[in-house]
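Structure, as structure tokens:
Residue numbers start from 1 in every chain, and the chains themselves are labelled A, B, ... in the order their sequence lines are given, proteins ahead of strands.
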Protein chains: 2
Amino acid sequence: MPSDSRTNSPTRPMRADARRNYDRILAVAAEAIAEHGAEASLEEIARRAGVGSATLHRHFPSRQRLLEAVFGDKVEALCAAATDLAVDPDPGQALATWLGAVARHAVSNRGLAASLMRGAHDGDPTLGATCHSMITNAGADLLARARRANAARPDVSITDLLTLVNAICLAVEQEPDGAAQADRLLTLALTGAIGSERPGSGAA
Amino acid sequence: MPSDSRTNSPTRPMRADARRNYDRILAVAAEAIAEHGAEASLEEIARRAGVGSATLHRHFPSRQRLLEAVFGDKVEALCAAATDLAVDPDPGQALATWLGAVARHAVSNRGLAASLMRGAHDGDPTLGATCHSMITNAGADLLARARRANAARPDVSITDLLTLVNAICLAVEQEPDGAAQADRLLTLALTGAIGSERPGSGAA
DNA sequence: TGCAAAAACGGGGTGGCCCTCCATATCGTA
DNA sequence: TACGATATGGAGGGCCACCCCGTTTTTGCA
């Protein structure tokens with residue numbers, strides 16, 4: 001069920017001990033990243049997993065790769081959510097709901113936002129489907145639908161929206177009440193931070 | 001004319017050699033931060049300035065202090081701009097203009113956004129007027145005026161707005177066309193990223 | 001089952017970073 | 001000029017990412 005991009009790839013299946021270590025590292029990394037964020041010490045992850053640091057670096061050649069492996073299932077969940085929302089009767093609301101879900105995931109999983117930010121644009125195009133592009137593709141459909149329904153500006157791209165979401169999440173990541181803050185700021189950004197409330201419709 | 005919080009402070013004036021080194025370090029740090037962002041290596045700054053790393057750490061006990069010293073004049077310029085805009089006939093536009101100016105400064109001076117983000121809320125309350133609080137105070141007046149003119153939501157704080165600006169700048173800092181991106185995203189966030197355009201008034 | 005080649009492992013080294021101590025050099029002044 | 005206060009910076013400690021290469025484990029086959 002979980003996404004094991006190694007067990008059934010064209011390359012020879014992993015040796016049993018390698019697989020064991022791979023899984024251990026992944027589990028420990030998830031904990032460490034939850035504790036210390038995306039900058040968690042790789043050395044300590046290896047230590048806690050009971051493997052040498054070389055083993056960690058062999059399985060995950062870069063920090064980004066480790067992050068992507070750790071958050072793979074979260075990202076898949078978000079993509080699935082996008083698919084579900086793609087049949088929502090209110091495309092505009094569906095898009096907003098999904099962006100909120102992305103924000104919620106990013107806030108409650110430290111490091112996810114950082115992982116989603118750095119897309120394929122900084123080297124390392126090895127991994128075909130990075131978290132970044134998966135999310136982008138998933139969101140693109142929702143935006144397209146919203147646009148067709150005249151519920152989204154024609155000049156805004158899905159990259160714009162996701163950049164906003166991630167930027168906000170990254171910014172509030174270490175605030176005490178990050179979740180609430182992120183939600184507020186996202187709503188603000190989506191509906192207009194400066195009151196473009198039509199004169200007359202305002203308070204009072 | 002430049003703000004030398006050391007020359008005329010209640011504490012004894014700096015010795016000539018100390019002052020020389022202080023200035024050298026500051027100049028070199030500005031270059032290094034422009035090159036490598038807020039995470040530039042302090043050791044290399046010391047090396048380039050021709051001083052020992054201990055000297056750097058004595059003058060600037062924390063990275064944040066160095067950043068604040070480097071960006072002090074930029075922040076003062078932004079505060080001055082806020083004062084000027086405080087008499088603008090259109091308070092809503094004035095606020096938007098100022099936020100745009102903050103963004104422009106933050107994008108063209110790598111590290112400024114990072115410096116503005118971390119306010120007094122993480123220890124080190126030694127320095128009375130941090131960049132963070134200076135900017136916040138400066139912006140608060142503009143927002144208050146805009147609010148009185150019904151040109152700003154009553155539920156949005158200056159902290160919200162500055163967090164958005166800084167988050168955006170931080171996010172696009174290493175994109176190739178950062179300035180344009182930041183401008184676009186800020187406009188989006190201020191006016192509403194999802195088209196709340198009234199039916200009929202849209203493009204066409 | 002036994003064994004050799006292949007695969008994976010991890011200790012330890014390199015080089016970088018931040019930060020501190022303290023013996024030494026420099027400055028300002030009497 | 002001489003002296004005390006002040007500033008300096010090299011050396012060293014602790015942490016980190018990353019890599020080399022001798023050693024151990026696993027596997028597939030006879």
Side-chain angles (χ1 to χ4, degrees), chain A residues 4 6-7 9-29 32-33 35-70 111 114-115 118 122-124 126, chain B residues 4 6-26 28-29 32-33 35-70 111 114-115 118 122-124 126:
Chain A
D4 292 331
R6 299 275 199 136
T7 37
S9 60
T11 71
R12 186 175 316 284
M14 288 175 87
R15 237 172 65 171
D17 53 346
R19 180 148 189 51
R20 208 161 31 225
N21 282 335
Y22 182 93
D23 290 344
R24 270 192 76 75
I25 291 171
L26 216 49
V28 168
I33 290 172
E35 277 177 46
H36 303 105
E39 304 302 310
S41 159
L42 300 183
E43 199 119 327
E44 191 190 324
I45 290 172
R47 225 178 295 132
R48 279 210 246 170
V51 303
S53 60
T55 297
L56 186 149
H57 282 96
R58 194 174 317 110
H59 284 302
F60 306 99
S62 71
R63 180 182 295 274
Q64 178 64 15
R65 289 289 196 85
L66 179 58
L67 288 174
E68 291 187 350
V70 165
S115 166
R118 326 219 180 296
D122 46 28
D124 204 339
T126 324
Chain B
D4 291 332
R6 299 276 198 133
T7 38
N8 46 9
S9 59
T11 71
R12 188 173 307 287
M14 290 176 86
R15 233 171 66 173
D17 53 346
R19 179 147 190 47
R20 209 163 29 227
N21 281 334
Y22 182 92
D23 290 344
R24 270 193 77 74
I25 291 171
L26 216 49
V28 168
I33 290 172
E35 278 176 46
H36 303 108
E39 304 301 310
S41 159
L42 300 182
E43 201 121 323
E44 191 190 324
I45 290 173
R47 222 177 297 131
R48 279 211 247 171
V51 304
S53 60
T55 297
L56 186 150
H57 283 96
R58 194 175 318 110
H59 284 302
F60 307 98
S62 71
R63 180 182 295 273
Q64 178 64 15
R65 288 290 196 83
L66 179 58
L67 289 174
E68 291 186 351
V70 165
S115 166
R118 326 221 179 295
D122 47 26
D124 204 340
T126 323

Query raised in the report: Looking at the side chain of B/Arg63, which of C/dC9, D/dT8, C/dC18 is the nearest nucleotide?
Result: C/dC18
Report task. Send over the distance from A/His57 NE2 to C/dG15 C1', rounded to a whole Å. Result -> 14 Å
**Report entry** Contacting residues from residues 42-55 of chain A, given that a heavy atom lies under 4.0 angstrom of DNA chain D
**Finding:** A/Leu42, A/Glu43, A/Arg47, A/Ser53, A/Ala54
**Report entry** B/Arg19 side-chain N/O to B/Met14 backbone N/O, donor-acceptor pair under 3.5 Å
**Finding:** no
Requested in this report: Can you see which heavy atom on A/Ala114 is nearest to which on A/Ala38, and at what distance?
Outcome: CB-CB, 4.0 Å
Query raised in the report: Got B/Ile25 and B/His59 here, is their nearest side-chain heavy-atom distance under 4.5 Å?
Result: yes
Can you tabulate the close N/O pairs, meaning under 3.5 Å, that link protein atoms to atoms of nucleotides 26-30 of chain D?
| unit_1 | atom_1 | unit_2 | atom_2 | d |
| --- | --- | --- | --- | --- |
| D/dT26 | OP1 | A/Arg20 | NH2 | 3.4 |
| D/dT26 | O4' | A/Arg15 | NH2 | 3.4 |
| D/dT27 | OP1 | A/Ala16 | N | 3.4 |

Query raised in the report: In whole angstroms, how far is the P atom of D/dA7 from the CZ atom of B/Arg58?
Result: 8 Å
**Report entry** Nearest-angstrom distance from the residue atom CG of B/Asn21 to P of D/dT8
**Finding:** 5 Å
Report summary line: Correct closest heavy-atom pair for B/Leu66 and B/Ala29 would be CD1-CB, 3.9 Å
Requested in this report: Specify the separation, in whole Å, of atom OH of A/Tyr22 and atom P of D/dT25.
Outcome: 24 Å
Requested in this report: Might you point out which heavy atoms bring B/Ala69 and B/Leu26 nearest each other, and give the distance in Å?
Outcome: CB-CD1, 3.6 Å
Report summary line: Sorted by chain and number, sequence neighbours left out, side-chain hydrogen bond (donor to acceptor under 3.5 Å, both in side chains) with B/Arg15 holds for B/Asp17
Query - For atom NE2 of A/His36 and atom C1' of D/dC15, their distance in whole Å - result: 13 Å
Report summary line: B/Arg19 atom CZ is separated from C/dT26 atom C1', nearest whole Å, by 18 Å
Requested in this report: For B/Glu43, enumerate each residue passing the side-chain hydrogen bond (donor to acceptor under 3.5 Å, both in side chains) test, keeping only those at least two apart in sequence or located in another chain.
Outcome: none
Query - Partner residues of B/Glu44 under the salt bridge (charged side-chain N to carboxylate O under 4.0 Å, His left out) criterion, sequence neighbours left out - result: B/Arg48
Requested in this report: Answer yes or no: is there a donor N or O on one side and an acceptor on the other, between the side chain of A/Arg63 and the main chain of A/Ala40, under 3.5 Å?
Outcome: yes
Query raised in the report: Could you state the NE2-C1' distance from B/His59 to D/dG9, rounded to the nearest angstrom?
Result: 12 Å
Query - Rounded distance (Å) that lies between atom P of C/dC17 and atom CG of B/Leu56 - result: 13 Å
